[in-house]
Engineer: 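This is the structure I have questions about; it appears just below.
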There are 2 protein chains.
Amino acid sequence: MSVRHPGVSTDDCPVREILDRVGDKWSVPIVVLLGERGHRFNELHRRIDGISQRMLTLTLRTLARDGLVSRTVHASVPPRVDYELTELGRTLLVPVRALDEWAREHRDDIRAARQRHDAG
Amino acid sequence: MSVRHPGVSTDDCPVREILDRVGDKWSVPIVVLLGERGHRFNELHRRIDGISQRMLTLTLRTLARDGLVSRTVHASVPPRVDYELTELGRTLLVPVRALDEWAREHRDDIRAARQRHDAG
DNA sequence: CAGGATCCATTTTGATACTG
DNA sequence: CAGTATCAAAATGGATCCTG
């Protein structure tokens with residue numbers, strides 16, 4: 001478990017590698033919603049407050065590229081595209097929810113720390 | 001547990017709030033190293049591959065402001081400053097390590113998905 | 001409906017040189 | 001040793017308009 005002279009580079013720090021992928025502004029909200037159930041494009045657009053069409057497109061594209069989200073085009077008029085988590089994406093929900101739980105438990109601690117800091 | 005019409009805004013999504021804080025390029029590596037033991041400034045600088053003095057300073061300052069890291073100045077010549085996780089910071093280590101574990105287990109899956117995607 | 005294409009503003013990060 | 005200060009580059013995100 002221990003290493004001798006552990007530098008932390010991106011290569012040695014897989015968690016940084018995944019934060020480079022889902023640490024952006026919109027990936028986690030998308031993953032969380034898709035964890036609930038599959039969604040269509042505009043459904044996500046409506047439910048994610050503040051996201052632009054552009055960022056929704058880009059983020060979904062990256063998530064699909066990384067194998068976390070699947071994109072299913074139904075040949076119909078009007079077009080219909082469904083997004084859902086892949087199996088890999090669903091495994092990611094576990095640590096994401098752990099982080100979410102931590103966040104809910106400790107957001108006030110962080111806010112309080114900030115206020116103390118900014119006051120003093 | 002369930003909500004009726006759950007939009008996802010930053011306010012409703014605490015996990016996004018903490019990713020805004022530790023989702024940057026250097027916070028997690030720093031937290032991980034400090035989770036091992038306390039470190040001095042240049043010790044961190046040496047162990048974190050590629051970080052600039054400036055980013056180390058800025059990131060440590062933010063982590064301290066958020067109450068995740070403590071900064072202890074020893075009045076000595078040459079100066080000595082020790083950084084360590086606060087108790088709050090240590091609790092963060094739990095979900096961060098969960099994410100780290102996920103990353104170690106699945107980084108190859110993501111890489112493979114990328115290659116498939118970029119090939120096809 | 002589900003995007004694509006442009007252009008622009010902001011944020012984040014890095015390089016470099018200097019200091020108590 | 002542990003930072004500051006300044007400047008520039010790069011990544012990220014948003015607004016707006018257009019289309020199969």
Side-chain angles (χ1 to χ4, degrees), chain A residues 7-10 13 16-31 33-34 38-66 69-84 117, chain B residues 7-11 13 16-31 33-34 37-66 69-84 117:
Chain A
V8 174
S9 64
T10 299
C13 192
R16 263 250 38 86
E17 196 179 324
I18 89 143
L19 284 177
D20 282 343
R21 300 204 143 85
V22 302
D24 62 13
K25 195 165 176 183
W26 303 111
S27 290
V28 163
I30 290 174
V31 166
L33 282 187
L34 294 182
H39 282 73
R40 299 176 60 175
F41 185 88
N42 275 349
E43 217 174 356
L44 288 171
H45 194 196
R46 278 189 299 274
R47 290 193 64 188
I48 301 178
D49 193 44
I51 196 172
S52 64
Q53 241 171 10
R54 172 187 143 86
M55 288 314 298
L56 181 54
T57 301
L58 291 181
T59 308
L60 283 170
R61 196 181 288 168
T62 302
L63 290 171
R65 187 175 177 224
D66 289 341
V69 161
S70 69
R71 179 175 185 274
T72 309
V73 181
H74 303 273
S76 61
V77 183
R80 172 190 182 119
V81 181
D82 278 315
Y83 293 93
E84 32 192 333
H117 183 103
Chain B
V8 174
S9 65
T10 299
D11 280 357
C13 192
R16 265 249 37 87
E17 195 179 325
I18 91 145
L19 284 177
D20 281 343
R21 299 206 143 84
V22 302
D24 62 12
K25 194 165 177 183
W26 303 112
S27 289
V28 163
I30 290 174
V31 166
L33 282 187
L34 293 182
R37 58 173 174 80
H39 282 74
R40 299 175 59 174
F41 185 88
N42 276 349
E43 218 173 356
L44 288 171
H45 195 198
R46 277 190 299 273
R47 291 192 62 188
I48 301 178
D49 192 44
I51 196 171
S52 64
Q53 239 170 9
R54 173 186 142 85
M55 287 315 297
L56 181 54
T57 301
L58 291 181
T59 309
L60 284 170
R61 195 181 290 168
T62 302
L63 290 171
R65 186 175 178 224
D66 290 341
V69 161
S70 69
R71 179 175 184 273
T72 310
V73 181
H74 303 273
S76 61
V77 184
R80 173 191 182 118
V81 180
D82 279 314
Y83 292 93
E84 34 192 332
H117 184 103

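Proteins get letters first, then strands, A, B, ... in listed order; numbering begins at 1 in each. The figures that follow rest on heavy atoms only: side chains count, while hydrogens, waters and symmetry mates do not.
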Engineer: In residues 53-62 of chain B, which ones come under 4.0 Å of DNA chain D, going by heavy atoms?
Structural biologist: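 Correct list: B:Gln53, B:Arg54, B:Thr57, B:Arg61.
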
Engineer: Given that B:Phe41 and A:Ile51 both sit by DNA chain D, which one's nearest nucleotide is further toward the 5' end?
Structural biologist: B:Phe41

Engineer: By side-chain contact (heavy atoms from CB on, under 4.5 Å), which residues pair with A:Arg40, not counting sequence neighbours?
Structural biologist: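 A:Arg40 satisfies side-chain contact (heavy atoms from CB on, under 4.5 Å) with A:Glu43, A:Arg80, A:Asp82 once adjacent residues are dropped.
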
Engineer: Rounded at 0.5 Å granularity, tell me how far CH2 in B:Trp26 sits from OG in B:Ser52.
Structural biologist: 7.5 Å

Engineer: Tell me, please, the opening and closing nucleotides of DNA chain C, 5' to 3', among those with an atom under 4.0 angstrom from a non-hydrogen atom of chain B.
Structural biologist: C:dT13 to C:dG20

Engineer: Could you measure the distance from the CZ atom of B:Arg16 to the CZ atom of B:Arg21? Nearest 0.5 Å is fine.
Structural biologist: 11.0 Å

Engineer: Among A:Glu84, A:Arg47, A:Arg46, find the one that has a side-chain hydrogen bond (donor to acceptor under 3.5 Å, both in side chains) with A:His39.
Structural biologist: A:Arg47

Engineer: Would you please name every residue forming a salt bridge (Lys or Arg N to Asp or Glu O under 4.0 Å) with B:Arg65, sequence neighbours left out?
Structural biologist: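 For B:Arg65, the residues satisfying salt bridge (Lys or Arg N to Asp or Glu O under 4.0 Å) (neighbours in sequence not counted) are A:Asp118.
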
Engineer: Would a 4.5 Å heavy-atom cut-off, applied to side chains only, mark A:Leu44 and A:Leu34 as touching?
Structural biologist: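 Yes. Closest side-chain heavy atoms under 4.5 Å.
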
Engineer: What's the verdict on side chain to side chain contact (heavy atoms under 4.5 Å, CB included) for B:Leu63 and B:Tyr83, showing C-alpha distance, side-chain angles and the deciding distance?
Structural biologist: CA-CA 10 Å; B:Leu63 290 171; B:Tyr83 292 93; over 6 Å; no

Engineer: Using a heavy-atom cut-off of 4.0 Å to chain A, what are the terminal contacting nucleotides of DNA chain D, in 5' to 3' order?
Structural biologist: D:dG13 to D:dG20

Engineer: Does the side chain to side chain contact (heavy atoms under 4.5 Å, CB included) test come out yes or no for B:Leu19 and A:Leu19, once each step is laid out?
Structural biologist: CA-CA 9 Å; B:Leu19 284 177; A:Leu19 284 177; 4.0 Å; yes

Engineer: Given axes from five pairs at either end, by how many degrees does the helix from C:dC1-D:dG20 to C:dG20-D:dC1 bend, rounded to 10°?
Structural biologist: 60°

